[in-house]
Each structure stands twice: as C-alpha cells, then as structure tokens.
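Lettering of chains follows the sequences in order, A, B, ..., and the numbering in each one begins at 1. Everything quoted here is computed from the prediction, not taken from an experiment.
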Amino acid sequence: MTLPLLFEQLLNGLQLGTMLFLMASGLTLVFGVMGLINLAHGSFYMVGAFVTAWTAGTTGSFWVGLGAGILAAAAVGAVVELLVIRRLYHRQHLDQVLATFALILIFSEGTRWLFGSSPLWLNVPEALSGAVALPGGSRYPVFRLVIIAVGVLVAVALFLLISRTRLGMRIRAGESDREMIGALGIDIAKLYTLVFALGAALAGLAGSMIGALQSVQVGMGEPVLILAFVVIVIGGIGSIKGALIGSILVGLVDTLGRVFLPSLFKLFMAPADASGVGAALASMLIYVLMAIILAFKPKGLFAAND
Amino acid sequence: MKKLTAIGLGLLMSTGLASLQAQADEVKIGMITTLSGGGSHLGVDIRDGFQLALQQSGRDDIELLVQDDARKPDVAKSLADEFIQRDEVDILTGIVWSNLAMAVVPSVVRQGVFYLSPNAGPSDLAGRLCHENYFNVAWQNNNLHEAMGAYMQQQGLKKPFILAPNYPAGTDALEGFKSRYGGELAGEIYTQLGQTDYAAEIAQIRASDADSVFFFLPGGMGIAFTKQFHGSGVELPMFGPAFSFDEIILGAVGDAAIGVVNTSQWAYDLDNPTNQAFVESFREAYGRTPTLYASQGFDTANLILSALETAHPDDADAFREALRAADFESTRGDFRFGKNHHPIQDIYVRTVVAGDNGQPTNRLVGVAVEDMQDVFADECRM
C-alpha cells in the first residue's frame with residue numbers, strides 16, 4: 001500500500017462524507033426542529049438529479065440544470081410540507097414513517113411516469129472534467145474535488161446560518177422548545193415550511209452533483225437515504241455538528257474498509273476467498289461502527305437535546 | 001314451459017360447448033416480466049420485442065397476458081400461480097432476473113406448463129434442474145463472460161483487473177471469465193450489489209499494474225462505473241458483457257463508453273435479413289433502437305410461433321419436439337438447442353463508437369467464440 005494510494009483513498013472517503021453531509025444535514029434539521037422522521041428525503045435527491053439532467057439536456061448547460069435542480073427540489077419540498085407533512089407533526093413516528101414511505105412510492109412512480117424507466121444522461125460539465133495531479137504522482141478527478149469544496153462551503157454556510165442569523169436562532173429555539181417558540185409569536189408554520197424546503201434543497205444539490213458521477217435513475221435516493229440515517233444516528237439526531245462529523249466518519253470508514261479489508265484478508269486466505277469475505281465484511285463495517293458508537297453513546301456523538 | 005326450459009338449457013349448453021371449443025384452439029401465453037422499479041427497461045424491451053413478433057405473425061388465436069413482477073421473487077411466484085390456475089395458460093415466459101427464475105421455473109415446469117426464458121439463464125436450470133418443459137432462448141448466464149475471457153486471451157492481454165458485484169451472478173461472471181482466461185490477473189474485486197461510487201476501486205486499479213479492465217456491473221452500477229472510470233484519468237481499455245452496454249444504457253453513459261469492447265449473442269447491425277427486418281420494424285413501431293433484450297423477446301415469440309405451426313401445446317410431446325427443432329429464423333443467425341434446451345450459438349464482439357446522431361452506439365467487430373455451448377449441459381439428465 002503506497003502513500004499516494006492512501007492519500008487518494010482518504011480524499012475519496014472525504015468526498016463520500018461531504019456528499020452524505022448534504023443529505024444528512026437536511027434530514028437531521030427536520031428531525032431536530034419538527035420531530036419528524038422523513039423517509040422521503042431520498043426522493044428530493046432524486047428530484048434534484050432528474051430535473052438537473054433534464055434541464056441540462058434541454059439547455060445544454062450543466063449550471064442552469066444545477067440551479068433548476070436545487071430550486072425544483074426546494075419547491076417540491078415546500079409543496080410536500082404544505083400538503084402532507086404538516087398533518088404529521090402531532091402523529092406518532094410510526095404514522096410518519098408510513099406516510100413518508102408512501103411518498104417514496106408516489107415519487108418513484110411519478111418520476112417514471114414523467115421521465116420513463118430508462119436512466120437519464122447527465123455528465124460532468126466540460127470545465128470540471130478531467131483529472132489533476134496529486135502530490136505523489138497520482139491523479140484525481142477535478143469534479144470530486146469540487147464536491148468536497150461544495151460540501152465544506154455548505155457546512156460553513158449552515159454553521160453561520162444557525163449561529164448568526166435570526167432564522168438560525170428560531171431554528172435553535174424550535175429544537176429546544178417547540179411550544180414556547182410558538183407562544184412567543186413566531187409563525188411556526190412558516191418556519192417549518194422554510195426548514196423543510198431548505199433540507200430538500202440540500203438533498204437536491206447532492207442529487208444534482210452526484211447524478212453527474214453516477215446514474216440518474218428511479219430509486220437512486222434510497223441507498224443514500226439509508227447511509228444518511230446511519231450518519232444522523234451516529235452523529236446524534238438533530239445535531240448539525242453531529243451530522244458533519246458522522247458523515248466524514250462514515251465516508252472514511254466505508255471507503256477505507258472497502259479497500260483495506262480485502263488486502264488484510266489476503267494475508268492469510270486464498271485471494272479469491274479473501275476478496276469475497278473482505279467485500280462482505282466491508283459492507284457491514286459502517287453498521288458495526290454504528291453499533292459500537294451506540295453502545296457507548298446511546299444518543300449518538302453529539303445529541304442535540306442533551 | 002318445461003319444454004321451453006329444456007330448449008333453453010340445451011342452447012345454453014351448446015353455446016357453452018362452442019366457447020369451450022374455441023378456448024381449446026386458442027393459445028394462452030402468460031408473460032411475467034419487470035416493468036417497474038430498477039432495471040425495468042429490460043422487461044419493457046422483452047415485452048415490446050415479443051409483441052412485435054406476435055403482431056407480425058398476424059395470428060389472432062394467440063392471447064398474450066402481461067403482468068409486472070416489480071423484480072420481486074414472491075410477486076413473480078404468485079403471478080405464475082395466478083396464470084396457471086385462473087387463466088390456465090399453456091406457456092409462460094418473460095422473467096428477466098435469475099433469482100426470480102429460480103423461484104418460478106422449477107415448480108411451473110413440473111405442473112406441465114411450458115416455460116421459455118427470454119433472458120435469465122441460471123446455471124442450475126441448465127444443469128442439475130434442467131427439465132423437458134424448460135427452454136432458454138437467450139443464453140446461459142456464464143456464456144458472455146466466458147466468451148470475453150476467451151477473446152481477451154486471444155487478443156494477448158496479459159494482466160486484466162476484474163470486478164463484479166458480490167452476489168451469485170457476479171461470482172458466476174468472474175468464475176466464467178477465469179475459466180476461459182488462463183493468464184495472470186492484476187487483481188479481483190467484489191463490490192457491493194447496488195454500489196454507486198467506485199472511486200476506491202478505481203484507485204486500486206490505478207495503483208495496480210493492470211493492462212485492461214473486465215467488469216460485470218449490470219444496470220445503474222455499470223453506468224456509474226463507466227462514467228467515473230472515464231473521469232478518473234486512468235487510461236486502460238475496458239471490456240465487459242453486453243449487459244452494461246445496451247443502447248439504453250449507452251444513452252445514459254454518453255461518450256464515456258466510447259471504446260469499450262463487449263460480448264453479445266446479438267448485435268443490431270448483424271448482417272442477416274431477419275435481423276435487418278426486425279431492427280427496422282422495431283424502430284418504426286417504438287421509435288428507438290432495440291436492445292439485445294428486445295431481440296431475445298422477438299426470438300422467443302418466433303420460436304413459439306414456429307412450434308405452433310406443428311402442434312398445439314395441449315399435445316405436449318409434439319409441441320416440445322417442435323420447440324426442440326428450433327425451426328425459426330433467429331435474429332442472431334444460426335441457432336440451435338443443446339441437449340439441455342439451452343442455445344448453441346456464436347458469441348460476437350462489439351465495440352462502442354460515436355454514432356451518427358452524436359449518441360454512442362455499438363458496432364459489430366467479429367466473433368469471439370463460434371458455436372458456444374454452456375458447460376453445464378453435461379450435468380443435465382434429460
């Protein structure tokens with residue numbers, strides 16, 4: 001295992017982590033402020049990717065597509081909040097899970113109905129395609145570096161938004177005491193819609209950027225949603241800081257596990273068996289991590305309402 | 001009054017008999033395929049190809065019933081029961097995925113219904129569990145991988161890096177590849193099923209001394225891998241089975257796929273009159289270029305039609321003999337069945353090139369293996 005390879009894999013882990021953060025931050029905000037478990041968060045990711053792919057295909061510009069994708073995800077998020085989610089705040093978590101699961105099915109079939117069942121084409125914009133040389137002689141795709149940068153920017157912006165602005169103050173107040181903030185005369189309904197749309201927009205941003213690397217297809221949101229849930233459980237539900245640390249942790253553990261576990265097993269097993277066993281164990285690794293963290297910190301690393 | 005009732009009853013019975021008669025002549029085909037969820041473009045193409053062949057035959061005594069299995073084995077199983085018990089179909093077909101085929105086929109063929117597979121070809125059904133009522137019109141799962149192993153050996157590649165998802169068809173793929181490729185490997189990776197990010201694997205490929213990459217990553221996995229590999233700056237030739245490079249997937253991958261070499265039992269530019277007519281009529285009917293799955297659906301329907309010329313499925317022995325003879329014009333050229341009712345056919349090599357309309361497309365290069373038969377035929381006791 002050479003140093004450049006290790007460095008490249010660290011970057012890969014960081015890139016997966018920042019992308020997960022975009023998903024997890026919205027999920028954890030919605031849970032922290034409104035106490036709502038939203039399984040349909042992955043659908044906003046898919047909406048972002050599809051609208052970006054479609055708009056980029058029609059206009060020929062990735063950037064117009066990206067803007068449209070984020071706006072569409074935010075708009076869809078706001079509409080869903082107004083029509084459906086609003087009725088779920090006072091229900092049990094089981095009802096919320098059932099209703100938002102129904103939303104997943106509706107969004108998936110709706111997207112298929114609109115865009116067809118074949119995957120859409122979306123590519124990395126010309127200016128960001130290609131790879132740059134890393135110190136040590138290896139090469140790394142520019143677009144992945146951009147994803148890391150965007151993730152860091154969003155983290156900083158969210159931090160400033162929550163700690164320095166009036167909206168952020170209300171969000172924090174909403175996290176600690178929902179009834180009281182309403183009693184203080186703040187339009188809680190509007191705040192909820194805003195937070196929900198913000199979370200959806202971040203998911204849409206993640207979907208748009210990842211869509212250029214992966215495939216834009218129906219059902220692309222669910223695998224990411226599962227990882228995002230692991231992240232917020234590890235980080236502590238409702239905590240943005242926890243979501244950030246949890247995302248990076250999951251990104252690094254998943255990536256490095258996938259690379260190094262098979263080589264580790266090759267030390268004492270036949271190569272074919274080692275890659276099979278290593279791959280199987282690597283796919284469990286983040287859940288093992290989650291179990292270990294929960295054993296010592298049952299509320300996650302940075303529980304919001306401690 | 002009594003007389004009247006008797007006449008009425010008689011009339012009723014005779015019309016009943018007449019309709020029974022009509023039913024006996026009619027042939028009912030049940031199609032269970034994947035029309036929703038991930039990978040539904042495979043099922044859609046199989047269905048469209050099948051229907052096209054039925055339309056072209058001009059026969060109105062064949063009833064085709066289509067149901068969506070949503071890629072779930074339990075759904076496919078209960079649809080099969082419904083088709084057999086309620087609709088009393090003569091022939092079943094349509095299943096795309098091997099795990100669904102394993103759930104449905106063995107019990108269906110034991111009940112005396114014919115099953116013709118337009119896609120899935122798990123090794124068990126070719127060997128240990130082969131059955132006289134089961135016919136595979138596509139390929140045995142390992143065929144395209146074995147052919148690619150043989151082709152890369154022929155081409156003098158020294159150190160391929162191979163990868164596939166960690167599930168039965170994935171391990172079969174790499175085992176199949178290795179069975180015909182005798183040389184050294186630069187590395188072998190099993191990825192997660194449904195994985196969408198391959199940065200870690202691509203970095204390992206870069207760090208190895210590989211001279212080529214062979215991968216089997218069907219559906220969205222292949223789209224993601226090809227795009228990311230193209231963007232990574234690693235410049236190694238890519239090889240794989242046709243499953244990751246059908247015309248629909250190429251539309252989603254874009255130029256990143258140009259230069260990829262893939263093996264297939266069929267190509268749309270294959271030069272035979274049946275195929276040319278098929279591709280032309282498919283484009284006219286559906287406005288897109290057919291994939292290999294569409295050709296498999298089309299061939300399956302034509303095989304059934306050819307057998308119906310000789311016998312009705314109610315006469316099972318005669319119908320089975322007629323199927324076994326495979327006396328139909330296949331879109332792939334020469335086609336015959338081995339003793340386990342799996343095809344013996346040429347496997348072709350295609351390469352992805354920039355198309356006339358800017359979309360990448362496949363172009364036929366040559367034959368990888370002639371008259372290829374699966375290795376499980378000897379395990380079949382029939």
Checking heavy atoms, do the side chain of [X], its backbone, both or neither come under 4.5 Å from chain A?
X      : answer
B:D197 : both
B:A203 : both
B:V253 : backbone

Among A:V216, A:V124, A:L16, A:L122, the residue with the most heavy-atom pairs under 4.5 Å to chain B is A:L122
If you draw a 6.0 Å radius around CZ in A:F101, do more than 12 non-hydrogen atoms from other residues or ligands fall strictly inside? no
Can you establish whether the number of heavy atoms outside B:K159 located under 6.0 Å from its atom NZ is more than 12? yes
Are B:Q192 and A:R258 linked by a side-chain donor-acceptor pair shorter than 3.5 Å? no
Please report the interatomic distance CG(B:D255) to CH2(A:W121), rounded to the nearest 0.5 Å. 7.0 Å
With rounding to the nearest 0.5 Å, note down the distance linking CD in B:E201 to CD in A:Q9.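 If we round to the nearest 0.5 Å, B:E201:CD and A:Q9:CD are 8.0 Å apart.
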Under a 4.5 Å heavy-atom cutoff, which of [options] has the most pairs with chain A?
options                        : result
B:L174, B:I223, B:T196         : B:T196
B:A256, B:A224, B:A207, B:G187 : B:A224
B:G254, B:G233, B:G220, B:G194 : B:G220

Mark yes or no for whether B:R206, through its side chain, and A:R139, through its backbone, hold a donor-acceptor pair below 3.5 Å.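 Checked: pair present.
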Please list, one pair per line, the donor and acceptor atoms closer than 3.5 Å that link side chains of residues 203-213 of chain A to other protein atoms, with sequence neighbours excluded.
unit_1	atom_1	unit_2	atom_2	d
A:S208	OG	A:G48	O	3.4
A:S208	OG	A:T52	OG1	2.7
A:S208	OG	A:G204	O	2.8

Of all the heavy-atom pairs spanning [X] and [Y], show the shortest one and how long it is.
X      : Y      : answer
A:N123 : B:K227 : OD1-CE, 4.1 Å
A:T255 : B:A200 : CG2-CB, 3.9 Å
A:A131 : B:G231 : CB-O, 4.2 Å

Which bit of A:P119 is near chain B, if near means a heavy-atom gap under 4.5 Å: side chain, backbone, both or neither?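 Looking at A:P119, backbone and side chain both touch chain B.
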Would you mind checking which part of A:S283 comes under 4.5 Å of any heavy atom in chain B, side chain (CB onward), backbone (N, CA, C, O), both or neither? both
